[in-house]
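Only one structure is covered here, and it is reproduced in the block below.
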Amino acid sequence: MLDLKLLRNSTKEVGALLKRKGYEFDLVNWSDLENQRKILQSETESLQSELNTLSKEIGELKRSNKDSSGKEKNATELTARIKTKSKDLDILLKTINQIVMGMPNIPDEEVPDGKDESDNIEVRTFGAVPKFNFTPLDHLELGSLHKGIDMESGAKITGSRFSVLKSDFAKLQRSLISFMMDVHVNENGYKEVYVPFIVNSQSLEGTGQLPKFEEDLFKLEGDQSYYLAPTAEVPVSNLLRDEIIESKQLPIKLVSHTPCFRSEAGSYGKDTKGIMRLHQFEKVELVQAVEEGDSDEALEELTIHAESILKKLEIPYRVVLLCTGDLGFASAKTYDLEAWVPSQNTYREISSCSNFRSFQARRMMARWKNPSNGKTELLNTINGSGLALSRTLLALVENFQQKDGSIAIPDALRDYFKADSIKQN
RNA sequence: GGAGAGGUGGCUGAGUGGUUGAAAGCGCUCCCCUGCUAAGGGAGUAUAGGGUUAACCCCUAUCGAGGGUUCGAAUCCCUCCCUCUCCGCCA
């Protein structure tokens, strides 16, 4: 959510900035609603103030056993007027809130203009793209060769875009999870948390998935509005909701491994093969909360932490800065990490690291106490995957495949996998 | 699932219809005193929204959430959520 004061005082400027992200801010409608609100709110409040005074007077009269019936009659009338007005005000405020909750974050200045991912800017690359002296297989071919990826069973058990991992492939995923968690906890300074995978609508509003993107989520049946978490970002960030953090606790750095559930509405026909895009996948997520001035640095740091996994696994990758058209709803600036996928002869997203500034914190009321001025201020949140498991597994097996069909295990992972390769049995 | 208790400011915790936005304590900030690994005295210290100012300041809302009763609700009524205790069931 954007700052209401900013929206009111710099409406045009905000409109121009949001336009970069493809959001049309209806300035006329907005200022019309705002003018109505201003009038209605001050009218309602002054009537309320009048009533409060009157009620106090009635109280005093009653205490001294004097007649208050005249004043009470006035008050009854006032109450009725207030009721009508505040109903109108309520509707108006809800309308305005709906608009504001549907407005994306303002992109940072250094975010390049662009319409889609083709306009993203490559920031840096790591590792040499492997050259095979044989025809490399894709991850699904490798998966069936080793009987490690079973899409048919996934479809049978549940449906399309669900997968089953078996034997060494299942073990590889488990090793990767432990490896990533250990690196982030022991080397990068994160605290491990285990959180619910089912979240309520308030949490989803806090991080920005609701109200706008409900169709991307799996909603549970029942009286409560529960959803399957699309990313650990939701439960982990919401640990801070309605909290006031002491400055000595900052920065907060949390890491969590969770499954993620996404309906993938609108992605029909995209990445239909294999485990690139699933309704359920595992992810290790990094979340930071810092004071306002520190968020730029925190994004750089968090991105490097996510990269550290790819580096250790020796998977070639590149870092791209997302352009305005590819930037997520809540993000002010995002770096994507893209791992090399030999079968597609291109880099594919494996992590997305974003600076949300105060956008999420304002929705969540996640704050900290600034000792330098004694004020309670909004936190800034930053998060990123470190990393998405199915895509890491995919990139690993494709990049490390050998001519004989075996898959080498990167050195860094061997303590976890307890073997130096995956061989056919 | 059954029975009971409860949800108040950063924290603990008073408060059962009328200057209670809320006592007291803790914590925190500032000042004074004192002086050494301590203590004492004083002042200040919720959040959100709105109006207004150079600054001050004023108004409104908020005592789990949402409704209701009333001139007036933290206090009464209804619904829901959550926590705790006991019982039952269970990984």
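- Note on A:Leu51: only backbone sugar-phosphate atoms sit closer than 4.0 angstrom, heavy atoms only; bases stay farther off.
- Side-chain nitrogen and oxygen atoms of A:Ser42 include none within less than 4.0 Å of the OP1 or OP2 phosphate oxygen of B:G51.
- For the 3.5 Å distance criterion, the side chains of A:Asn200 and A:Ser203 qualify, holding a donor opposite an acceptor.
- For the pair A:Tyr226 and A:Ala75, nearest-nucleotide mapping onto RNA chain B gives the more 5' position to A:Ala75.
- Under 4.0 angstrom from either OP1 or OP2 of B:C59 there lies no side-chain N or O belonging to A:Ser46.
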Could you pull out every donor-acceptor pair under 3.5 Å between side chains of residues 167-180 of chain A and any protein atom, sequence neighbours left out?
| from | atom 1 | to | atom 2 | distance (Å) |
| --- | --- | --- | --- | --- |
| A:Lys171 | NZ | A:Phe417 | O | 3.0 |
| A:Ser175 | OG | A:Lys171 | O | 2.6 |

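- When heavy atoms are screened at a 4.0 angstrom cut-off, A:Lys38 is found touching the sugar-phosphate backbone but no base atom.
- The separation of B:U12 from B:G67, taken at their C1' atoms, amounts to 32 Å, rounded to a whole angstrom.
- Each of A:Arg63 and A:Ile58 was assigned the nucleotide of RNA chain B with the nearest heavy atom; the assignment lying further toward the 5' end belongs to A:Arg63.
- A straight line from CZ of A:Arg37 to P of B:A61 spans 16 Å, rounded to a whole angstrom.
- Here the straight-line distance linking atom CH2 of A:Trp368 with atom CG of A:Asn380 works out to 10.0 Å at 0.5 Å rounding.
- Per the geometry, CG belonging to A:Asn370 stands 17 Å off P belonging to B:C28, to the nearest Å.
- Between A:Asn52 and B:U60 there is a side-chain polar atom (N or O) within less than 4.0 angstrom of OP1 or OP2.
- Side-chain polar atoms of A:His279 and A:Glu264 form no donor-acceptor pair below 3.5 angstrom.
- Rounded to an integer number of Å, the gap from A:Ile244 CD1 to B:A48 C1' is 12 Å.
- An OP1 or OP2 oxygen of B:A61 is reached within less than 4.0 angstrom by a side-chain nitrogen or oxygen of A:Gln48.
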Open item on the list: Pairs counted only when both distances fall under 3.5 Å, Watson-Crick or G-U: show me the 5' to 3' dot-bracket for RNA chain B, [ ] for pseudoknotted crossings and | for other-strand partners.
Closed with: ((((((((.[[[..)..(.....]]]((((((.......))))))((((((.....)))))).[[[[[..)....]]]]])))))))....
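- If you measure from atom NZ of A:Lys369 to atom C1' of B:A46, you get 7 Å, rounded to the nearest angstrom.
- With rounding to whole Å, A:Lys83 atom NZ is found 15 Å from B:A61 atom P.
- At a cut-off of 3.5 Å, with distance as the only test, no side-chain donor of A:Asn105 or A:Ser331 sits close to an acceptor on the other residue.
- In this structure, A:Phe356 and A:Glu233 have side chains that are in contact, with non-hydrogen atoms separated by less than 4.5 Å.
- Distance A:Arg367 CZ to B:A48 P: 6 Å, rounded to the nearest Å.
- Put simply, the side chain of A:Gln41 and the base of B:G51 share no donor and acceptor less than 3.5 Å apart.
- One can place CD1 of A:Ile245 at 11 Å from P of B:C11, the figure rounded to the nearest angstrom.
- In this structure, the separation between CZ on A:Arg414 and CG on A:Asp420 is 4.5 Å, given to the nearest 0.5 Å.
- Between the side chains of A:Ser343 and A:Asp138, no donor-acceptor pair of N or O atoms lies under 3.5 Å.
- Using atom C1' as the reference point in both B:G17 and B:C11, the two lie 29 Å apart (nearest Å).
- At B:G17, none of the side-chain N or O atoms of A:Lys56 fall inside 4.0 Å of OP1 or OP2 (strictly under the cut-off).
- Between A:Glu50 atom CD and B:A61 atom P the separation is 13 Å, expressed in whole Å.
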